[in-house]
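All residue numbers refer to positions in the sequence shown, counting from 1.
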Amino acid sequence: MMIASFLLEIGRKTALWIGLAAAVAFAAMALVRKGRLEAEAELAIRKADARIRAMQAAKETRHEVLNADRADLKRRLNRWVQRPSPPSE
């Protein structure tokens with residue numbers, strides 16, 4: 001009888017520790033998942049901000065090109081396309 005009660009007591013303690021370990025593991029997994037979701041959301045926001053900045057820069061460039069006079073555009077194009085001269089010896 002004494003051995004049976006001893007084994008029951010060890011079984012209860014073991015069950016308690018297993019339950020506590022499972023609770024800690026579940027909490028850790030939940031925190032990791034939450035952190036991953038927050039990181040993905042932050043990345044999506046950064047990508048959207050970068051896309052907005054790129055669209056605004058393209059809009060400003062398009063507006064600048066549409067409102068510039070032809071002579072200025074020609075000068076800019078020639079300067080942009082111009083190849084550097086080879087180094088002289």
Side-chain angles (χ1 to χ4, degrees):
M1 192 67 172
M2 204 145 181
I3 294 174
S5 67
F6 178 72
L7 289 176
L8 282 176
E9 186 64 30
I10 289 178
R12 287 182 191 149
K13 286 184 181 179
T14 304
L16 174 68
W17 284 108
I18 289 173
L20 287 174
V24 168
F26 179 75
M29 287 179 6
L31 287 174
V32 167
R33 184 172 186 268
K34 181 181 177 191
R36 184 180 304 129
L37 291 175
E38 287 176 359
E40 288 173 357
E42 184 179 336
L43 178 63
I45 290 170
R46 284 195 322 227
K47 283 183 176 181
D49 287 342
R51 193 167 46 249
I52 289 170
R53 281 192 305 274
M55 288 180 357
Q56 286 174 340
K59 179 182 175 184
E60 290 170 2
T61 303
R62 188 170 42 254
H63 183 268
E64 188 177 325
V65 167
L66 290 176
N67 291 333
D69 62 335
R70 291 288 173 200
D72 185 39
L73 288 176
K74 216 173 206 184
R75 183 182 53 80
R76 285 183 178 188
L77 181 63
N78 286 336
R79 188 177 54 190
W80 184 66
V81 174
Q82 195 175 46
R83 293 191 176 122
S85 59
S88 58
E89 295 179 30

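Counting only residues at least two apart or on different chains, the side-chain hydrogen bond (donor to acceptor under 3.5 Å, both in side chains) pairs with a member in residues 55-64 are His63-Asn67, Glu64-Arg76. Listed by first then second residue, pairs satisfying side-chain hydrogen bond (donor to acceptor under 3.5 Å, both in side chains) with a partner in residues 35-47 number zero, not counting sequence neighbours.
Residues Ile18 and Thr14 are in side-chain contact: their nearest non-hydrogen atoms beyond the backbone lie under 4.5 Å apart.
How far CG of Asn78 is from CG of Leu73: 11.0 Å, rounded to the nearest 0.5 Å.
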